[in-house]
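A quick write-up on the structure given underneath.
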Number of protein chains: 2
Amino acid sequence: MVKKPATIKEIAKALNISISTVSRALHDHPSIGLVTKMRIKQLAKELNYEPNQTAIFFQKGKSYNIGVILPELSEAFFSTAVSGIEDTANKRNYTVLLAQSHDNEETERKLVAKMKNQRVDGMLISVTKNTSSYDHFEVFRKSNIPVVFFDRIPSLQNIHSVACNMETGTFEAVSFLLKRGHRVIGMINGPTTLYATGERREGYIQALIKNRLKFDPSLLVNCDLTEAGTIGAMQELLSNKRKPTAIVTFNDYVALFAIRYARSQDIAINEELTFVSYANLPLINYMDYVPVASVEQFPYLQGQKATDILIDLLNNPVKDDAKQAYYNITVESQLVINEKATI
Amino acid sequence: MVKKPATIKEIAKALNISISTVSRALHDHPSIGLVTKMRIKQLAKELNYEPNQTAIFFQKGKSYNIGVILPELSEAFFSTAVSGIEDTANKRNYTVLLAQSHDNEETERKLVAKMKNQRVDGMLISVTKNTSSYDHFEVFRKSNIPVVFFDRIPSLQNIHSVACNMETGTFEAVSFLLKRGHRVIGMINGPTTLYATGERREGYIQALIKNRLKFDPSLLVNCDLTEAGTIGAMQELLSNKRKPTAIVTFNDYVALFAIRYARSQDIAINEELTFVSYANLPLINYMDYVPVASVEQFPYLQGQKATDILIDLLNNPVKDDAKQAYYNITVESQLVINEKATI
DNA sequence: AAAAAGTGTGCAAACGTTTGTCTAAAATGA
DNA sequence: TCATTTTAGACAAACGTTTGCACACTTTTT
């Protein structure tokens, strides 16, 4: 009943030629005569021949698998990045093995072990919020499995990475607000431990400098990204001697919390107090009041680039470890005006 | 520099024993003496031996890959389901190949082809909203690749499926509202083409019957799940002779649209008009006004069950196609009271 | 006319593992 | 003590493919 899939061997036998000829013919190897090639391809089609991938993987000593470890698939940023990864990988004949760390370092460690013995050819990793030590990634180096970190990248030397430069977008965001006439602009930034927090700060300050304005540290408050933290930050900003007329928030979640709080204080959103945020998540489609603009981080693009780099690395393995060149790609963030919020 | 991973062969040679002995020893085969076994395991550990998965896959003629095709990863329902799938698959030594159809039938067809020649052992599929014909799935039957459909299942005979029974949850939801004293309960249901729409309707009616109330068809309106459609449905319900004091909405998105509209009409949410919805998405954490209760569909559990069934199917292949038994698992939905909304 | 180059194909090894069958030695039974 | 069973391990085939090398034949060059 169950007919086994056709093999190269069967084709060879049926045509009374050698296996190698069949293999070469199917790969359009130049040394095979046209007639034989046609006969072979013809029969292959008739028999519905499809190469046995497991055999090829084995033979080539590769799995054509790319492992991906990221914190949380349900975050829109990551699920979009995954789309970029998948599309690129599929296009280049690789397959994606996905796993979520759920922002748990322990899980991350386990996944690393799992991935390694699944024999992935390469890895794409976005580290956990809380990952403090990076030694568990060393096994990949030892096994000669290239790793490209994306978005959340560890502070290590000699790694490949793709990340988004937040400074540019922040600069644009603040410039945009300045152009709109705002002179007192607050910022609710993230925890100082995050690299991205520093970039936002820098962009903010640079935009002020460029416009010959003085940087007022009391207008820049850090927060832990929770709702409570955001409310605290808002209270601090709103009670400032110079009360801001616009606020840049670390991400859309913070924006949501901040806007909600502002409304509870009967502040007219984007009139009395204008908001600009980051990420541009689908979330804002469902908010009643949304930031007037968002700094886009291009997750799909980041996924694409990281995958491209990884596959290039796989196709051109370095012999000499010392001569290894490291890719550190930066995607520029970019301000996007939110049409829904035009008032 | 790059040291190749150790193989069974090397271990054999180093210990001057046969390959088969090493293989069996590592598998705790009873016919291997204790001392040899220990020696082998010892050396294997020293050499950091790890079985070459590609070789094993090839040898066993299996890929230990499970293909998953679903509409949209960024929908919380699916990303949660994927977690269930991954966890179960990993536990049982399978690997997950993920792909999104983005609710596009054409993409779905392409993915099917892709998956088949990636030589997956089995498939988990949640079909596209728009999939009208199911013949592209036939290739799996022909290649003897078992398929388990989940959540969105095609209306076909002789398939394996895991889905959530919406009737139970709907029954509970309406009963809950009745117990709270509501007597005029509206429902914004989905398009009649969806199976789940029928189940909701049935649950709604059954709850009324059970409470000796008459079913009033004018209180049950269908909609296309868009914001415009929802507003239309709301207008219809609110202008009804018997104006509802509570509304059950098809899902959280519809709930959001409906609540937003109600607020635009200055209706006090969950006082003047009470909402109950489905899904319980993270979305509602970010809504200012949320339904008082949601019908939970247990996506994680569905993913788990579907994967378990699939792997069972893989481990116990049927010889005789005619004798195939089909699994059709139903997960009961369940009402969950939303604490945030308690007023 | 002989040598060289080109063309088309076959042979066989290799990749790492599992597993059915075979054998030698040791243990058991009478 | 010899026959039988048990134990511990070896041998070799098989899985499907790719690829370096060899070979025969034909064509071109000298």
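Each chain gets a letter, A, B and so on, in the order its sequence line appears, and its residues count up from 1.
Under 4.0 Å is where a charged nitrogen must lie from a carboxylate oxygen, and between B/Glu105 and B/Arg109 at least one such pair does.
Contacts of A/Ser31 with the nucleic acid, taken as non-hydrogen atoms under 4.0 Å apart, include base atoms. Contact annotation for B/Ser20: base contact, defined as any heavy-atom pair under 4.0 Å involving a base atom. Across all strands, B/Gly61 comes closer than 4.0 Å to no nucleic acid atom at all (heavy-atom distances).
Following rounding to the nearest Å, A/Ile17 (CD1) and D/dC23 (P) show an atom-to-atom distance of 21 Å. Here the C1' atom of nucleotide C/dA13 and the NZ atom of A/Lys60 are 17 Å apart, to the nearest Å. As rounded to whole Å, 8 Å separates atom P of C/dG16 from atom CD of B/Glu10. Rounding to whole angstrom units, CZ of residue A/Phe57 and P of C/dG16 are separated by 17 Å. Going from atom CD of A/Gln59 over to atom P of C/dC15 covers 10 Å, rounded to whole Å. Atoms CG (B/Asn16) and C1' (D/dA8) sit 16 Å apart, rounded to a whole Å. Atom C1' of nucleotide C/dT17 and atom OH of B/Tyr64 are separated by 12 Å, given to the nearest angstrom. Here D/dT18 presents its P atom at 13 Å from CG of A/Asp28, a figure rounded to the nearest Å.
Inspection of the A/Lys305 and A/Tyr300 side chains reveals no N or O donor paired with an N or O acceptor under 3.5 Å. A/Thr21 and A/Ser18 share a donor-acceptor pair across their side chains, judged by distance under 3.5 Å alone. For A/Ser101 and A/Thr128, the side-chain atoms include at least one donor-acceptor pair closer than 3.5 Å. Side-chain polar atoms of B/Asn328 and B/Ser161 form a donor-acceptor pair below 3.5 angstrom. For the residue pair A/Asp308/A/Thr88, the side-chain donor-acceptor check at 3.5 Å is not satisfied.
Of the candidate nucleotides D/dA10, D/dG16, C/dT17, D/dA10 has the atom lying nearest to any side-chain atom of B/Thr21. Closest contact between the side chain of A/Arg24 and the listed nucleotides C/dT18, D/dA10, C/dC11 involves C/dC11. Comparing C/dG10, C/dT17, D/dA10 by their closest approach to the side chain of B/Ile19 singles out C/dT17. Each of C/dT9, D/dC15, D/dC11 was ranked by its minimum atom distance to the side chain of A/Lys9; first place goes to D/dC15. In this structure, the nucleotide among D/dG16, D/dG20, C/dG20 sitting nearest to the side chain of B/Phe58 is D/dG16.
If you check residues 36-55 of chain A against DNA chain C, the residues with a heavy atom closer than 4.0 Å are A/Thr36, listed by number.
Taking a 6.0 Å sphere around NZ of B/Lys110, one finds it holds 12 or fewer heavy atoms contributed by other residues, nucleotides or ligands.
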